[in-house]
Amino acid sequence: MVQSECRLLRGLLGFICLLPVSMSATPDLCVSLKTVRDSLNATLRRRFMKMNFPINYTIQVHYEEVFRLRNISRLNMSNEEEPVQQRDLQDLWLWVNQQGIKRVLRVLPERHPTRSKYLSKLENLFRRFEELYKQKNPIDEERVLPERIENIWDRLTDQYYEGWKSVTPKSILDNCYRTMHCLFKECFSKEDDNYDYCEVLNWRKGKKTT
Ligand SMILES: *[C@@H]1O[C@H](CO)[C@@H](O)[C@H](O)[C@H]1NC(C)=O
Ligand SMILES: *[C@@H]1O[C@H](CO)[C@@H](O)[C@H](O)[C@H]1NC(C)=O
Ligand SMILES: *[C@@H]1O[C@H](CO)[C@@H](O)[C@H](O)[C@H]1NC(C)=O
Ligand SMILES: *[C@@H]1O[C@H](CO)[C@@H](O)[C@H](O)[C@H]1NC(C)=O
């Protein structure tokens with residue numbers, strides 16, 4: 001009798017201890033990210049980021065602001081001494097893509113439909129997601145970032161750094177979309193029939209990654 005009560009109690013305590021862990025998967029963070037995802041669907045990307053621009057139009061971004069699936073796999077390659085955490089890559093993703101949206105907004109005239117009908121809203125959705133994300137992932141002051149991540153941040157935030165690359169506006173959001181599915185798998189994996197965006201072998205199969 002006593003023993004079974006003990007077991008019950010331990011079961012309850014275990015449950016309580018587990019709660020914070022299982023809740024860190026954060027449903028509301030995913031809800032917010034899914035609104036971002038819906039605004040990034042292929043139709044909208046094509047209409048607002050391609051058809052609304054002159055053919056082959058490009059804008060200038062810093063090299064480090066190009067953040068693709070290939071970058072993720074390269075940065076994530078095992079380095080026992082300084083392992084890269086998912087969190088490091090998610091932080092980069094968030095910064096780089098908000099910066100990308102800003103860069104496009106900066107070249108758009110005030111009344112351009114891509115600004116008023118699309119990018120301003122998308123920027124707000126990102127901002128809302130960022131607030132939640134920062135709440136759920138408070139900055140860990142103790143953590144020393146792996147050197148390759150630190151170097152990227154240095155260049156991203158160096159206002160005198162001159163390394164420019166031409167990219168199409170659409171490619172910024174295409175990469176945003178793909179890398180989002182890789183880095184925030186927990187939010188998407190169930191519905192997307194387990195198509196793994198992180199998986200290198202999938203990249204060339206193509207059709208779903210556009
Ligand atoms: C993308 O979203 C728009 C607006 O919500 C919708 O009309 C369109 O059908 C969607 N396209 C795809 C491919 O899901
Ligand atoms: C756009 O770029 C493609 C591929 O680089 C090229 O073949 C095409 O001629 C370009 N179109 C225009 C209008 O410049
Ligand atoms: C991604 O890789 C490209 C080269 O393919 C590089 O120029 C860029 O700096 C990398 N981006 C990041 C964030 O590491
Ligand atoms: C990074 O590598 C680890 C270990 O190989 C793997 O479990 C994880 O899924 C990778 N993360 C990404 C975003 O590719």
Side-chain angles (χ1 to χ4, degrees), residues 21 24-26 29-30 33 36-37 40 45-46 49-104 107 126 129-130 133 136-137 143 145-190 192-206 208-210:
V21 176
S24 74
T26 58
L29 197 64
C30 288
L33 192 62
V36 172
R37 193 268 309 266
L40 286 174
R45 271 182 281 145
R46 199 164 46 240
M49 302 304 279
K50 184 165 185 176
M51 282 151 55
N52 275 355
F53 287 88
I55 294 172
N56 292 351
Y57 182 82
T58 59
I59 68 167
Q60 301 283 301
V61 301
H62 280 152
Y63 278 105
E64 286 72 23
E65 289 163 19
V66 177
F67 187 54
R68 314 171 57 189
L69 290 171
R70 244 170 242 287
N71 292 94
I72 292 176
S73 75
R74 211 179 302 140
L75 288 169
N76 192 42
M77 271 191 295
S78 72
N79 175 334
E80 301 293 322
E81 278 154 41
E82 291 193 306
V84 166
Q85 292 177 4
Q86 176 106 332
R87 162 82 201 270
D88 302 333
L89 299 171
Q90 290 174 339
D91 286 351
L92 273 180
W93 177 85
L94 191 54
W95 202 94
V96 160
N97 285 298
Q98 285 182 302
Q99 179 70 3
I101 292 170
K102 282 197 201 108
R103 293 241 186 250
V104 181
V107 300
F126 260 97
F129 173 73
E130 183 186 24
Y133 176 82
K136 308 281 177 189
N137 302 282
R143 175 157 156 73
L145 287 176
E147 198 180 333
R148 55 213 145 126
I149 299 291
E150 193 62 55
N151 288 343
I152 292 171
W153 280 114
D154 286 347
R155 267 168 275 154
L156 280 173
T157 52
D158 176 0
Q159 52 181 328
Y160 300 109
Y161 172 67
E162 293 287 335
W164 297 98
K165 186 175 168 52
S166 299
V167 299
T168 64
K170 181 166 176 289
S171 75
I172 296 175
L173 294 192
D174 290 346
N175 287 322
C176 175
Y177 182 85
R178 294 169 198 152
T179 47
M180 170 177 70
H181 281 83
C182 167
L183 292 176
F184 297 89
K185 265 193 200 125
E186 305 74 34
C187 292
F188 302 114
S189 54
K190 282 187 204 85
D192 285 348
D193 55 55
N194 291 329
Y195 180 86
D196 186 353
Y197 278 82
C198 293
E199 182 52 60
V200 180
L201 289 173
N202 281 337
W203 296 352
R204 287 184 185 282
K205 287 192 208 151
K208 272 200 170 179
T209 57
T210 48

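Counting starts at 1 for both ligands and their atoms, in listed order. Keep in mind it's a predicted model, so treat the numbers as computed, not measured.
Scanning both residues, Asn97 and Ile172, for their nearest heavy atoms gives OD1-O, 3.9 Å.
Side chain of Glu130 to main chain of Leu94: no donor-acceptor pair is present (N/O by atom type, distance under 3.5 Å, no hydrogens or angles). With hydrogens and angles ignored, the 3.5 Å screen pairs a side-chain donor or acceptor of Asp88 with a backbone N or O of Gln85.
Residues that satisfy the salt bridge (Lys or Arg N to Asp or Glu O under 4.0 Å) test with Arg155, not counting sequence neighbours, are Glu64.
Close contacts of ligand 3 with Phe67, meaning ligand atoms under 4.0 Å from a residue heavy atom, involve 13 (C). Heavy-atom contacts of Asn56 reach the following atoms of ligand 2: 1 (C), 2 (O), 3 (C), 8 (C), 10 (C), 11 (N), 12 (C), 14 (O) (cutoff under 4.0 Å).
Checked against the 6.0 Å centroid threshold, Trp93 and Phe126 count as a close aromatic pair.
Dense packing is recorded around CZ of Arg103, with more than 12 heavy atoms of other residues, nucleotides or ligands lying under 6.0 Å away. Annotation for Gln86: atom CD counts as buried by contact number, over 12 foreign heavy atoms lying within 6.0 Å.
Of all the heavy atoms of Arg74, the ones lying under 4.0 Å from any atom of ligand 3 belong exclusively to the side chain. The backbone and the side chain of Tyr63 each have at least one atom closer than 4.0 Å to an atom of ligand 3 (non-hydrogen atoms only).
Checking only distances, Val66 does come within under 3.5 Å of ligand 3, N or O to N or O.
At a 4.0 Å cut-off, at least one heavy atom of Ile152 sits close enough to ligand 3 to count as contact.
The 4.0 Å heavy-atom shell around ligand 4 contains residues Ile72, Asn76, Gln86, Cys182, Leu183, Cys198, ordered by chain and number.
Phe184 and Tyr133 have perpendicular rings, their planes meeting at more than 60° on a 0 to 90° scale where under 30° would count as parallel.
Taking CG of Leu156 as the reference point, atom CZ of Phe67 lies at 9.5 Å (rounded to 0.5 Å).
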